[in-house]
Amino acid sequence: MGWWLQLWIWSAGQVLPCQAHLYPPPLRAALYDVDSLLRVGGIRDTIELVEGPTPNIQLQPLSERCQLRASDFFGWAHALYFLLEAKHGFLFPHPKVILRIPPAKPLHKLQVVPRFRYRGFHLHTQHPIELTEALHTPFFPNAEAEVKAYIDWLARNRQNYFEFCLLRTVSLRDWVPYFRRIVAFARERGVEVGIDLSLRMQQQRAFQLLPCYSLKSRRKRLWQGLSQIASTGATHLNVELTSAEFVGKNWGRWIDTLLSYAKALGLQVMTRQHVVPPEAYTVGSFRPSQLPKEVTLCVHSVMCYGLQDTFTPVYRCKSFRHLYESLVGEKPHRRVWYYPETAYWVTFDNSVPVWLLSYLRSRLEDILLVEGIAEGHLTFSSGWDAGYWLFDWSVARWSWKIEGETPFPAEGLVCLFGGDTARWNAIVRFQDSLMVGRDVLSLITPTTPIDEISWNRLPPFQPRLPAPPWKIARRPERYRSILESRIEGMQTALAKWAAWNAAIPPLDPERRVLWDELEAAWEITRLRVTFRYYWLQALLHHKSSLYIDSLRQTLSQAQAVVKRLPVRYPHAEQARLCHAGKKGCQHPHPSYRFGYFFPARTLHFWERERGQVERGKWSVFYRNIWDIPRIIGLW
């Protein structure tokens, strides 16, 4: 019966198996992939491929087949995955998770259109995330298979662009032939590949096209580096032109040289505008209007804030209005992409960990705002653990517009688990209004090393307390009036904190794993707010034993919850889940001395904060896991 359970193609009155047709990629790869998924699901389906005049994709069920209308092979490939989802209930929320959920309604005529020409993801491998080793080391266990599984995830979710940060610790001799195979596979799946690197960025071991120390001339170094990148088949270079965040640099003629070499090698050059306002640079500046018109501008926003939010206390910003103005102002002069985040790895969310549903609201609002302005939507991803896969998957879905449907923040949750849409939306609104609307993020975020080195002189990166915690601990009477009303607001919010959506009926085993993970992420976020409530009270009440005991109890509860989070990349976890600076730790690529998911698994920042308030240990060196010279590029 296996021959019957497959994908058939109707053409000129004949019905033949999809393998009988010799289509070019990416359609051929998509047909074979969809065929294999239908076989596993025990499904037979027949399609007809019809050429249409517009970029719109149309699915039209007929009596014995489903007609897929698109303008080219790429459109038909995307249409196949819309068919899998809309008709057969296949969902791909995570690179390692494939679900089949009966659709809520039968497939009628479906018309979709891409909101952006380029839809893709940037994996920020300057952090030790799931694929950092796999993308840099051909000999890492299952490296090629892990990367290809991610590219499959992109293709199945109708994305067409992928890039990652290349680090200067890579061995190009081994990496170039390895990555050439990755790029070839991505092209077969209809995914263009870019490389994120720098001219001479010092921090976080970014790959440098013009390294400081070399006997070769600059021109020779630049040409050689670009030639090696081009030989992999990559089509885009996302080039960091500044020396570091808050540090601008005028490269003058070297940008023109870079562009001429890139053009000769068939590479499209992009660069990014950081979230830092132009006036906030400590050295130099960066103004996109000064860039050559051939350079594509990627406008970068950070964390869970949106372009329209009126209060964004990050990177010396009051709002992100200047970013939106760059998108609008530069559109007539060059290609512009929007480049937002779905996680902020360092001491903010998925390394603490907290699960911020504000990402669902802000990313959707921004997509609807920049549609028609940005040519591309490039999502800056720092990993998928602790429920963060939901944000990447939701953004991928929203990059397409389905006629007759209105997207909403909780759409992914409803799609996965069903239930009352209004209740899911209420959960998202409650947490978003608390964390962003009432700025509880400033009260629950750990201090950064920059904060602790110099609170006033060095630029803040993320939301933080209105005063240094060590000053609050030493002079609580001075800060009590500032903090008490906000702390009372935390207490009120905790009393109203909704339970995870208990009205959902029992689920199949695959969805139950996802449900349990998100429930744990929801609970760990509540416990983080609880923990910092007691921590702030202990600061204001001279280490009262009542609050210290509550701190310990909350930490114990959180340690039990975090153990429920699944491990989907065991090789990466085994290689990088280790203590910072311990002898024998191997960290060949990122500048961070601790490993994959280490802070989240161990609740390191929680333990450190408990010790700070109990023992009065406020030194930057207390339980420090940061190697600042290594991170900023001094060695």
Side-chain angles (χ1 to χ4, degrees), residues 275 301-314 317-321 323-324 338 340-344 348-350 352-370 379-382 386-395 397-398 406-417 419-445 462-464 486-501 517-530 532-533:
V275 71
S301 67
V302 298
M303 304 184 192
C304 56
Y305 299 101
L307 292 174
Q308 300 178 92
D309 288 1
T310 56
F311 181 62
T312 59
V314 297
C317 294
K318 295 179 180 178
S319 73
F320 288 168
R321 181 70 187 176
L323 302 178
Y324 180 67
Y338 184 45
E341 292 183 341
T342 48
Y344 187 89
F348 181 67
D349 46 37
N350 62 347
V352 175
V354 290
W355 189 50
L356 300 179
L357 296 180
S358 297
Y359 280 107
L360 296 175
R361 186 269 309 168
S362 60
R363 294 291 71 84
L364 176 57
E365 285 183 354
D366 285 355
I367 284 172
L368 299 178
L369 179 66
V370 304
T379 305
F380 181 112
S381 178
S382 284
Y388 272 66
W389 50 263
L390 177 66
F391 306 151
D392 281 11
W393 182 56
S394 296
V395 168
R397 291 171 60 84
W398 292 328
T406 302
F408 55 95
E411 183 178 327
L413 293 166
V414 175
C415 188
L416 286 173
F417 306 120
D420 182 9
T421 299
R423 179 171 171 80
W424 283 120
N425 280 332
I427 284 177
V428 175
R429 281 197 306 272
F430 165 77
Q431 203 205 66
D432 181 45
S433 65
L434 175 68
M435 297 297 187
V436 173
R438 300 182 190 177
D439 194 31
V440 169
L441 284 174
S442 295
L443 303 180
I444 69 170
T445 304
Q462 59 192 37
R464 64 182 188 181
R486 297 183 66 182
I487 292 174
E488 289 173 4
M490 293 173 72
Q491 185 180 29
T492 302
L494 287 167
K496 296 180 179 179
W497 198 283
W500 191 236
N501 204 330
E517 179 183 1
L518 299 189
E519 184 179 35
W522 176 257
E523 178 64 9
I524 202 73
T525 307
R526 183 190 69 82
L527 289 170
R528 177 62 184 173
V529 177
T530 305
R532 286 283 286 204
Y533 166 78

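Here the structure is a predicted model, which means the values were calculated and not measured.
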Note, Leu441 side chain near Leu356 side chain (heavy atom, < 4.5 Å): yes
For Tyr305, all residues meeting ring-ring contact (aromatic ring centres under 6.0 Å, His included), sequence neighbours excluded: none
Stepwise side-chain contact (heavy atoms from CB on, under 4.5 Å) check, Arg532 with Val440: CA-CA 10 Å; Arg532 286 283 286 204; Val440 169; over 6 Å; no
Val436 and Cys304, any side-chain heavy atoms less than 4.5 Å apart: yes
Non-hydrogen atoms of Gly412 and Ser394 that approach each other most closely: CA-OG, 4.4 Å
Contact summary for Gly387 and Leu518, nearest pair of heavy atoms: CA-CD2, 3.6 Å
Spatial distance of atom CD (Gln308) from atom OG (Ser319) [nearest 0.5 Å]: 11.0 Å
Asp349 CG to Gln462 CD distance, which is reported to the nearest 0.5 Å: 9.0 Å
Side chain proximity check, Arg526 to Leu494, heavy atoms < 4.5 angstrom: yes
Min side-chain heavy-atom separation Val275-Phe320 under 4.5 Å: yes
Side-chain touch Ile444/Thr525, heavy atoms, less than 4.5 angstrom: no
Heavy-atom closest pair, residues Ile427 and Ala499: CD1-O, 4.4 Å
CD-CH2 distance between Gln431 and Trp355, expressed to the nearest 0.5 angstrom: 7.5 Å
Close side-chain approach of Leu416 and Trp393, heavy atoms under 4.5 Å: yes
Salt bridge (Lys or Arg N to Asp or Glu O under 4.0 Å) contacts in which one or both residues fall within residues 434-445, not counting sequence neighbours: Asp439-Arg486
Approximate separation, where rounding is to 0.5 Å, of Gln491 CD and Thr530 OG1: 10.5 Å
Those residues that, when tested against Tyr324, pass ring-ring contact (aromatic ring centres under 6.0 Å, His included) (two or more places apart): none
Closest non-hydrogen atom pair between Glu517 and Ala386, with its separation: OE2-N, 3.6 Å
side-chain contact (heavy atoms from CB on, under 4.5 Å) between Phe348 and Val354, worked out: CA-CA 8 Å; Phe348 181 67; Val354 290; over 6 Å; no
Side chain to side chain donor-acceptor pair (under 3.5 Å) partners for Arg361, two or more places apart: Asp309, Glu365, Asp432
Which atom of Ile524 lies closest to which atom of Pro353, heavy atoms considered: CG2-O, 3.8 Å
Side-chain (Glu341) to main-chain (Phe380) donor-acceptor, under 3.5 angstrom: no
Close side-chain approach of Arg363 and Ser301, heavy atoms under 4.5 Å: yes
Close side-chain approach of Tyr359 and Asp392, heavy atoms under 4.5 Å: no
Non-neighbouring partners of Tyr338 that pass ring-ring contact (aromatic ring centres under 6.0 Å, His included), sequence neighbours left out: His377
By ring-ring contact (aromatic ring centres under 6.0 Å, His included) - contacts of Trp522 (at least two apart): Trp497, Trp500
Donor-acceptor pair, side chain of Asn425 and main chain of Phe408, under 3.5 angstrom: no
Separation of Tyr533 OH from Glu488 CD (nearest 0.5 Å): 8.0 Å
Minimum heavy-atom distance between Phe430 and Ala493, given as atom pair plus value: CZ-O, 3.7 Å
Rounded distance [0.5 Å steps], CG in Leu434 versus OG in Ser358: 9.0 Å
